[in-house]
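Notes follow the structure.
Keep in mind that what you see is a predicted model, and the values were worked out from it rather than measured. Every chain is numbered from 1, with letters handed out A, B, ... down the list of sequences.
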Protein chains: 2
Amino acid sequence: MRMTHQRQMILDVLKKDYQPKSADMILHLIHDPKLNLSTVYRTLDAFFNVGILSKSTIDNINYYYVTDHKHHHYMVCTQCKKMFPIDCHLDEIAKDVAEKHEFKITHHDMTIYGICKECQLKM
Amino acid sequence: MRMTHQRQMILDVLKKDYQPKSADMILHLIHDPKLNLSTVYRTLDAFFNVGILSKSTIDNINYYYVTDHKHHHYMVCTQCKKMFPIDCHLDEIAKDVAEKHEFKITHHDMTIYGICKECQLKM
DNA sequence: GTACATGCAAATATTTTGCAAAGAC
DNA sequence: GTCTTTGCAAAATATTTGCATGTAC
């Protein structure tokens, strides 16, 4: 897997604040006109397959975020779409079930949906 | 919320085996030519909003399944797409985090991806 | 130099929507 | 009878793909 300028830019943006981002968000955050949306999609998919990125789908849009060692997930506000990181406590649970079914886990995704403090006040 | 013939058919199909199903799968399982795909989508969305159904997204396709009291999630095989139900152990974890952030949880989703026993043998 | 990555444009596929007709309560 | 739901067809939108060109190693 080659590290190109485009791939580096995409990774940099995702590492800037570790907030999950869609392909479109990434394209707009990187102003470079040399970057194409297809490339963003292809890069995100490639990184995801290698394990560098994790993915969550919200309202049929895929959001990607850096998979760090302290593996975590997100709690997302369905109003303002802001995401709050939460630690992952799933590894033991998942491992047990997987062993029972002889299922080879590649990755997992967890998302909690709700309304954040700010949006609750606005209602 | 009115219980129409279409809605009843959709719910019946989902309750038949409790396996997650996409709108398209549901349409094909119900042979009735009087059922339209739009209706399936609208019904699934309506049921989801009321809480009767839960949803998981795999490869950009939404799968819906009946939300039962013994709340559970799925472990999905990325090869054959078969899904294995697993119990949910998340409620306490989620509650703690939510309280800390004053986040009002509406629902959550968890999916474990991997390769099932059968597909491993085929490789 | 070669194999992989990108840009561009066009295609895919799922999901959504507007509106008139039908149906539930 | 009223208000919700449906069917149909058309639109919206995220994502994918083919192919020629460019670029990392």
Side-chain angles (χ1 to χ4, degrees), chain A residues 1-14 19-65 74 76 78 81 83 107 109 111 113, chain B residues 1-14 19-65 76 78-79 81 83 107 109 111 113:
Chain A
M1 191 173 187
R2 293 178 183 169
M3 188 45 70
T4 63
H5 186 217
Q6 288 90 332
R7 289 181 173 175
Q8 191 59 63
M9 289 193 293
I10 291 168
L11 204 52
D12 285 349
V13 159
L14 285 165
Q19 273 277 311
K21 292 181 177 51
S22 66
D24 195 64
M25 286 165 76
I26 291 169
L27 185 74
H28 289 291
L29 283 168
I30 301 170
H31 294 298
D32 202 325
K34 292 181 71 175
L35 181 64
N36 190 274
L37 187 57
S38 305
T39 305
V40 179
Y41 275 111
R42 279 190 273 230
T43 300
L44 292 175
D45 196 51
F47 283 165
F48 177 75
N49 286 325
V50 173
I52 297 175
L53 298 182
S54 296
K55 173 168 67 166
S56 284
T57 305
I58 294 146
D59 282 340
N60 301 323
I61 295 173
N62 291 313
Y63 292 85
Y64 291 84
Y65 53 95
Y74 289 89
V76 57
T78 47
K81 305 278 148 64
M83 298 186 185
H107 59 285
D109 175 35
T111 309
Y113 302 85
Chain B
M1 191 172 188
R2 292 179 184 170
M3 187 48 70
T4 64
H5 186 217
Q6 289 90 333
R7 289 181 174 174
Q8 192 59 62
M9 289 192 295
I10 292 169
L11 204 53
D12 285 349
V13 160
L14 285 165
Q19 273 278 314
K21 293 181 175 55
S22 66
D24 196 63
M25 287 166 75
I26 292 168
L27 185 75
H28 288 293
L29 283 169
I30 300 171
H31 295 300
D32 202 324
K34 293 181 72 175
L35 181 64
N36 190 273
L37 188 57
S38 307
T39 304
V40 179
Y41 275 111
R42 280 190 274 228
T43 299
L44 292 175
D45 195 52
F47 283 165
F48 177 75
N49 286 326
V50 172
I52 297 177
L53 297 182
S54 296
K55 173 170 67 169
S56 284
T57 305
I58 293 145
D59 282 341
N60 301 323
I61 294 174
N62 292 315
Y63 292 85
Y64 292 84
Y65 53 95
V76 56
T78 48
Q79 306 279 313
K81 304 280 149 65
M83 299 185 183
H107 59 285
D109 176 36
T111 308
Y113 302 86

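Atom-to-atom, CZ of B/R2 to C1' of C/dA24 comes out at 5 Å; the value is rounded to the nearest Å. Per the geometry, CG belonging to B/L27 stands 13 Å off C1' belonging to D/dC8, to the nearest Å. The CE atom of A/M9 sits 15 Å away from the C1' atom of D/dA24 (whole-angstrom rounding). Between the CD atom of A/Q6 and the P atom of C/dT6 there is a distance of 5 Å, given to the nearest Å. Following rounding to the nearest Å, B/Y63 (OH) and C/dT15 (P) show an atom-to-atom distance of 9 Å. Remark: P of C/dT14 and CD1 of A/I61 are 17 Å apart, rounded to the nearest angstrom. Atom-to-atom, CZ of B/R7 to P of C/dA22 comes out at 19 Å; the value is rounded to the nearest Å. In this structure, A/D24 places its CG atom 14 Å from P of D/dT16, rounding to the nearest Å.
What you find for B/I61 and B/S22 is that their closest heavy atoms are CG2-CB, 3.7 Å. Of all heavy-atom pairs between A/N60 and B/N62, the closest is OD1-ND2, 2.6 Å.
Taking side-chain N and O atoms only, B/N36 has a distance below 4.0 Å to OP1 or OP2 of D/dC8. For the OP1/OP2 pair of D/dT15 and a distance below 4.0 Å, the side-chain nitrogens and oxygens of A/Y41 include at least one atom meeting the criterion. Applying the 4.0 Å criterion to OP1 and OP2 of C/dT14, one finds that B/N62 has every side-chain N and O outside that range. Side-chain N/O atoms of A/T4 include one lying less than 4.0 angstrom from OP1 or OP2 on C/dT6.
With hydrogens and angles ignored, no donor-acceptor pair closer than 3.5 Å exists between the side chain of A/S22 and the base of D/dA14. No hydrogens or angles were tested; on distance alone, a donor-acceptor pair under 3.5 Å links the side chain of A/S38 to the base of C/dA9. Between the side chain of B/T43 and the base of D/dT5, no donor-acceptor pair under 3.5 Å is found.
Counting any heavy atom pair closer than 4.0 Å across all strands shown, A/R42 reaches a base atom. Contact annotation for B/L37: base contact, defined as any heavy-atom pair under 4.0 Å involving a base atom.
Of the two residues near DNA chain D, B/N60 and B/L35, the one whose nearest nucleotide lies more 5' is B/L35.
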